[in-house]
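Here is the structure we will look at.
In what follows, chains are A, B, ... by sequence order, proteins preceding strands, each numbered from 1.
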Amino acid sequence: MNARPPPLPRATPWRALPCPRAELRLDLALSGGQTFRWSETNPGYWTGVLAGRVWTLTQSEEQLWYTLHEEEKEEVSKDEDSLSEPPLKKGRRQLHSETGRAGVSGERIQDGLDPSQILQDYFQLHVNLSALYQGWSYTDGHFRNIAVKFPGVRVLRQDPVECLFSFICTSNNHLSRITNMIQHLCQSFGRRLCQLDTKTYHAFPSLQAMAGKDKFARLRELGFGYRARFISESARAVLKTLGGAAGLQHLRTVSYEQARHALCTLPGVGAKVADCVCLMALDKAQAVPVDTHIWQVAKRYYGQELGMGARSVTERVHREIGNFFRSLWGPYAGWAQAVLFCADLKKYESPDPDAKSRCAKLTQSSPSVLT
DNA sequence: TGCGCGCCTTGAGG
DNA sequence: ACCTCAAGGCGCG
């Protein structure tokens with residue numbers, strides 16, 4: 001079953017890189033709450049924007065297949081702000097090389113950077129996930145139970161700008177609405193890339209495009225609520241005080257504590273969002289984002305004393321849970337958290353025969369429980 | 001200084 | 001129709 005998938009119109013021929021399914025499950029990695037920009041356009045086929053190009057991905061037992069869609073002619077979208085850097089001429093595209101690894105900018109793909117390198121970088125295929133799963137399973141019985149059903153959950157190495165502003169949108173919000181909001185953000189402020197069927201694809205907006213003067217009002221109109229201010233003001237703050245996109249990228253080379261502290265100076269960024277960005281864009285594998293969900297999991301499976309007395313995830317709870325999981329899972333604790341989070345998403349809940357009987361039992365006994 | 005509480009937008013789901 | 005709650009952050013006491 002390692003045959004080449006059928007070709008798509010106006011797209012490059014399919015190519016593959018070796019990647020066993022145990023090392024990567026596309027569905028879990030791309031729709032498990034890390035990124036909000038991929039959709040399953042056909043069963044098993046995932047289409048989305050990465051490094052300024054539109055890709056479709058699929059996988060067989062041993063290989064990850066990819067094709068790149070043809071870009072439309074240069075048409076600057078209306079809202080791409082005048083503050084934007086001058087468009088780079090083809091053939092002289094921006095190159096980031098802060099870390100020695102391939103630098104993937106969200107705005108434009110670099111000519112000369114092999115698409116397979118972009119994918120290896122994005123999926124961090126140099127990390128041996130099976131070995132990590134083995135280690136976590138050895139020290140953690142609950143993880144061992146989860147791991148069987150949720151193999152191949154990798155932490156993506158995302159573009160820092162896209163990751164930061166996506167997770168600012170997640171505050172007090174739910175997955176379906178987050179996905180819609182980010183789609184609106186890209187459609188309104190991002191460069192249009194192409195159209196497939198009826199769906200248009202846009203690059204993630206530049207900092208300049210989000211920082212423009214009337215952007216706050218536009219975002220309010222688009223239904224971002226109080227997050228509108230966070231987005232426009234954080235875009236300005238990144239440009240003004242953190243050195244722009246390159247400055248964010250540079251946080252990959254500093255310590256977890258330094259990166260986290262820098263992010264927390266931005267409006268709309270607290271401990272939770274900062275940890276998400278540290279983990280998913282800034283190479284801080286030890287960062288454990290703690291939300292209400294992970295807190296419930298922690299209390300239920302790892303000890304009720306975790307975050308005891310609190311009614312919500314306060315700074316103290318965040319610290320306690322994070323430190324607990326780091327001591328349990330080690331330097332890649334954030335990667336293990338991603339597996340647990342994925343497993344807890346409602347859409348992945350398997351029809352559990354025990355759940356019904358538990359529920360029925362609870363209902364029967366509820367009068368005595370409640371009184 | 002550390003901590004917890006109420007508020008902020010919107011809409012999906014019960 | 002009504003309510004609650006959602007991958008939270010922030011100002012305040």
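- Residues passing the salt bridge (charged side-chain N to carboxylate O under 4.0 Å, His left out) test with A:R236, sequence neighbours excluded: none.
- Using a 4.0 Å heavy-atom cutoff across all strands shown, A:V290 reaches no nucleic acid atom at all.
- Read 5' to 3', the first and last nucleotides of DNA chain B with an atom closer than 4.0 Å to a heavy atom of chain A are B:dC3 to B:dA12.
- No cation-pi contact links A:K299 to A:Y302, judged by a cut-off of 6.0 Å to the six-membered ring centre and 45° from its axis.
- Extent of DNA chain C lying under 4.0 Å from chain A heavy atoms, first and last nucleotide in 5' to 3' order, is C:dA6 to C:dC10.
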Notebook entry, point to check: Where does DNA chain C pair, written as one dot-bracket string 5' to 3', with Watson-Crick or G-U pairs under 3.5 Å, ( ) inside the strand, [ ] for crossing pairs and | for another strand?
Noted result: .|||||.||||||

Margin query: A:D159 vs A:Y122, test: side-chain hydrogen bond (donor to acceptor under 3.5 Å, both in side chains). Steps then yes/no.
Written below: CA-CA 9 Å; A:D159 174 71; A:Y122 186 60; over 6 Å; no

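- Counting any heavy atom pair closer than 4.0 Å across all strands shown, A:G268 reaches sugar-phosphate atoms only and no base atom.
- Salt bridge status for A:R21 with A:E62: absent, with no side-chain N to carboxylate O gap under 4.0 Å.
- Looking at residues two or more places apart in sequence or on another chain, you find a side-chain hydrogen bond (donor to acceptor under 3.5 Å, both in side chains) between A:T41 and A:T47.
- Heavy atoms of A:F224 sit nowhere under 4.0 angstrom from any nucleic acid atom.
- Within 6.0 Å of the NE2 atom in A:H184, the count of heavy atoms belonging to other residues, nucleotides or ligands does not exceed 12.
- Every salt bridge (charged side-chain N to carboxylate O under 4.0 Å, His left out) that A:R154 has, sequence neighbours left out, goes to A:E23.
- When the P atom is used for both C:dC12 and B:dT9, the distance is 15 Å, rounded to whole Å.
- When the side-chain hydrogen bond (donor to acceptor under 3.5 Å, both in side chains) test is applied to A:T292, no partner is found at least two apart in sequence or on another chain.
- Spacing of P atoms, B:dC5 relative to C:dC5, comes out at 16 Å, to the nearest Å.
- The side-chain hydrogen bond (donor to acceptor under 3.5 Å, both in side chains) test applied to A:Q195 returns A:R192, not counting sequence neighbours.
- The stretch residues 313-328 of chain A touches DNA chain B through A:T314, A:R316, A:R319, each having a heavy atom within less than 4.0 Å of the strand.
- Between the A:R227 side chain and the A:F224 main chain, a donor and an acceptor come within less than 3.5 Å of each other.
- Across all non-hydrogen atoms, the minimal contact from A:A228 to A:L219 is CB-CB, 3.5 Å.
- Heavy-atom minimum distance, A:L113 versus A:Q117: CD1-OE1, 2.9 Å.
- Nucleotides of DNA chain C nearest to A:C264 and A:T170 differ in position, and the one nearer the 5' end is that of A:T170.
- Checked against the 6.0 Å centroid threshold, A:F165 and A:F189 do not count as a close aromatic pair.
- Surrounding CG of A:D197 are at most 12 heavy atoms belonging to other residues, nucleotides or ligands under 6.0 Å away.
- For residues 172-184 of chain A, proximity to DNA chain C is found at A:N172, A:N173, A:H174, defined as any non-hydrogen atom under 4.0 angstrom from a strand atom.
- Shown here for A:L207 and A:A235, the closest heavy-atom pair between the two residues is O-CB, 3.7 Å.
- In plain terms, the two heavy atoms of A:L17 and A:S116 that are nearest each other are CD1-O, 4.2 Å.
- Across the P atoms, B:dC7 and C:dA7 are found 22 Å apart, a figure rounded to whole Å.
- Applying a 4.0 Å cut-off to non-hydrogen atoms, the residues of residues 225-237 of chain A that approach DNA chain B are A:G225, A:Y226, A:R227, listed by residue number.
- Transitive grouping of hydrophobic side chains (ILVMFWY, heavy atoms separated by less than 4.5 Å) keeps A:F216 and A:V238 in distinct clusters.
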Please tabulate, for side-chain N and O atoms in residues 329-341 of chain A, each donor-acceptor pair with protein atoms closer than 3.5 Å (sequence neighbours left out).
unit_1 : atom_1 : unit_2 : atom_2 : d
A:W329 : NE1    : A:D140 : OD2    : 2.9
A:Q337 : NE2    : A:P289 : O      : 3.2

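- The residue A:L266 sits close only to the backbone: its heavy atoms come under 4.0 Å of sugar-phosphate atoms, none of a base.
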